[in-house]
2 protein chains.
Amino acid sequence: MRQLPATIASKLYGAAELIAERGITEAKMDDIAAASGIPRATLYYYFTGKDEILAFLLTDMLEAIAGEVAAAVGTPGTARERLEAAVHAQIAVMLDQPAACRALVGDLGRATRLPELAHALQEAFQRPIEQLLDEGAADGSLQVQPHPEDASLAIFGAITVAGLYHAVEDTRPSAEQIAKRVLAVLMQGLAG
Amino acid sequence: MRQLPATIASKLYGAAELIAERGITEAKMDDIAAASGIPRATLYYYFTGKDEILAFLLTDMLEAIAGEVAAAVGTPGTARERLEAAVHAQIAVMLDQPAACRALVGDLGRATRLPELAHALQEAFQRPIEQLLDEGAADGSLQVQPHPEDASLAIFGAITVAGLYHAVEDTRPSAEQIAKRVLAVLMQGLAG
DNA sequence: TTTGGTTTGTACTCAAAGTACAACATAGAC
DNA sequence: GTCTATGTTGTACTTTGAGTACAAACCAAA
């Protein structure tokens, strides 16, 4: 995939809705060209094929999430406050591009190989969160986690599924609402 | 899709690994036939196409999860104990068919329309869990949840992502291990 | 042994992904 | 200005594989 001009990148989001609606298989290259306003030949000039278009959307979103999460983690405050900020950040990014989210859940396997995704996720999300859990254990704002990898995975899952669900359904509460509710469960726990 | 003989259904799982590895697009109908030992023409006799094969794997797994979860929920004990049992049950089902899980995350959109999945999930998982949360609030074993829908979504997400992650990676702890760790976070919460 | 569903092989059609390539546009370099 | 690189796009072509058609064989039960 060639270095992508910003104009093209932004136009592509115009096709995300289409891909989300039909799935990448039913969204023909001609349709994507029409929906994005980028001629078919140009698409093939920049991308090796359909899958790479999806891959672009995915990495774009992962980078956005990674960036926002990193920013939130780098903020001053207790580990707990920063964790809350990170959760808000991820949900905000997802709800910012609901169509891309829907397109991606539907066709994840065509955007990336799953083990690579797992790896990218670790870098973008798990690692910073694990660090936060560590720091929280130190500053007392969070509990000590015997298995921080699994804890961060559970956190990521809770956020992501909640975000995706609200991106798929259109009954969309604000990002703040969702984050608040997910955090309520994650922070307080379920036990009575 | 015609009523499927058990012999065919079971053979299909033999193709799940292939589909997981290559993705449904790269797994050609001929390959699926070869991998499952079901002749191509027979596949087309029972299924309208590739997607329906995937749909079969999905509904099969959802039914298994729904069944096990329902059983766990129907058990005697406090709501909390039953919730823990339900979590164990879901993870056990997922790790029982890791290949099908991987195949499905990769190509969810070809197995079902996403809104329908959201709906099926509500029936199979969210509803029983919400009920459990209610009962837990009543018997004191679980906290009162102001937004049980979102709470059950977060629970589902935490479990599912943890399960999928371990199904994709091959560093597979036992279902019990995973369930225990996810539950530790969910029950105790993160706050210090 | 006949009838109706199941199972399977073979041959065919057709949509669309991807490729090839030429024409045109644009912008620095000289 | 004109030359040259690279970017942009239209058009025509190739190829792959999904799905279909259909007939032959196979059962199982009436």
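In what follows, chains carry the letters A, B, and so on, assigned in the order in which the sequence lines appear, proteins first and then strands, with residues in each chain numbered from 1.
- Taking atom CE of B:Met1 as the reference point, atom C1' of C:dT6 lies 16 Å away to the nearest angstrom.
- Spacing between atom CD of A:Glu26 and atom C1' of D:dA18 amounts to 11 Å, rounded to whole angstrom units.
- Residue-to-nucleotide proximity on DNA chain C shows that, of A:Ala27 and A:Ala41, the 5′-proximal contact is made by A:Ala27.
- As a whole-Å value, the separation of A:Gln3 CD from D:dT6 P is 15 Å.
- We find that CE of B:Met29 is positioned 16 Å from C1' of C:dT10, with the value rounded to whole Å.
- Of all nucleotides listed (D:dA18, C:dA17, D:dT9), D:dA18 comes nearest to the side chain of B:Tyr44.
- Taking a cutoff of 4.0 Å between a charged side-chain nitrogen and a carboxylate oxygen, A:Glu84 and A:Arg80 qualify as a salt bridge.
- One side chain, A:Arg181 or A:Gln177, offers a donor N or O that lies under 3.5 Å from an acceptor on the other.
- Across every strand in view, D:dG7 sits in a pair with C:dC24 that passes the Watson-Crick or G-U test at under 3.5 angstrom.
- Place B:Thr7 and A:Lys28 on DNA chain C by their nearest nucleotides, and B:Thr7 ends up nearer the 5' end.
- If you measure from atom CG of B:Leu43 to atom P of C:dT6, you get 16 Å, rounded to the nearest angstrom.
- Closest to the side chain of A:Pro39, out of C:dA16, D:dT9, C:dT8, is D:dT9.
- Listed candidates were D:dA18, C:dG9, C:dT6. Nearest to the side chain of B:Tyr45 is C:dT6.
- The CZ atom of B:Arg110 sits 12 Å away from the C1' atom of D:dG19 (whole-angstrom rounding).
- In this entry the distance linking CD1 of B:Ile32 with C1' of D:dG19 reads 13 Å, nearest Å.
- Within 90° of 0 lies the glycosidic angle of D:dA5, which makes this nucleotide syn.
- For A:Lys50, taking side-chain heavy atoms from C-beta onward, the closest of the listed nucleotides D:dG19, C:dG9, C:dA17 is C:dA17.
- Between the side chain of B:Arg40 and the base of D:dG17, no donor-acceptor pair under 3.5 Å is found.
- Distance from the side chain of B:Arg2 is smallest for C:dT6 among the nucleotides C:dT6, C:dA11, C:dT19.
- The backbone N or O of A:Thr48 sits less than 3.5 Å from a side-chain atom of A:Glu52, completing a donor-acceptor pair.
- Grouping the Ile, Leu, Val, Met, Phe, Trp and Tyr side chains by contacts below 4.5 angstrom, directly or via other members, places A:Leu58 with A:Met1.
- A side-chain N or O of B:Gln90 and one of B:Thr160 form a donor-acceptor pair less than 3.5 Å apart.
- Separating the CD atom of B:Glu52 from the C1' atom of D:dA18 is a distance of 14 Å, rounded to the nearest angstrom.
- Across every strand in view, D:dG19 sits in a pair with C:dC12 that passes the Watson-Crick or G-U test at under 3.5 angstrom.
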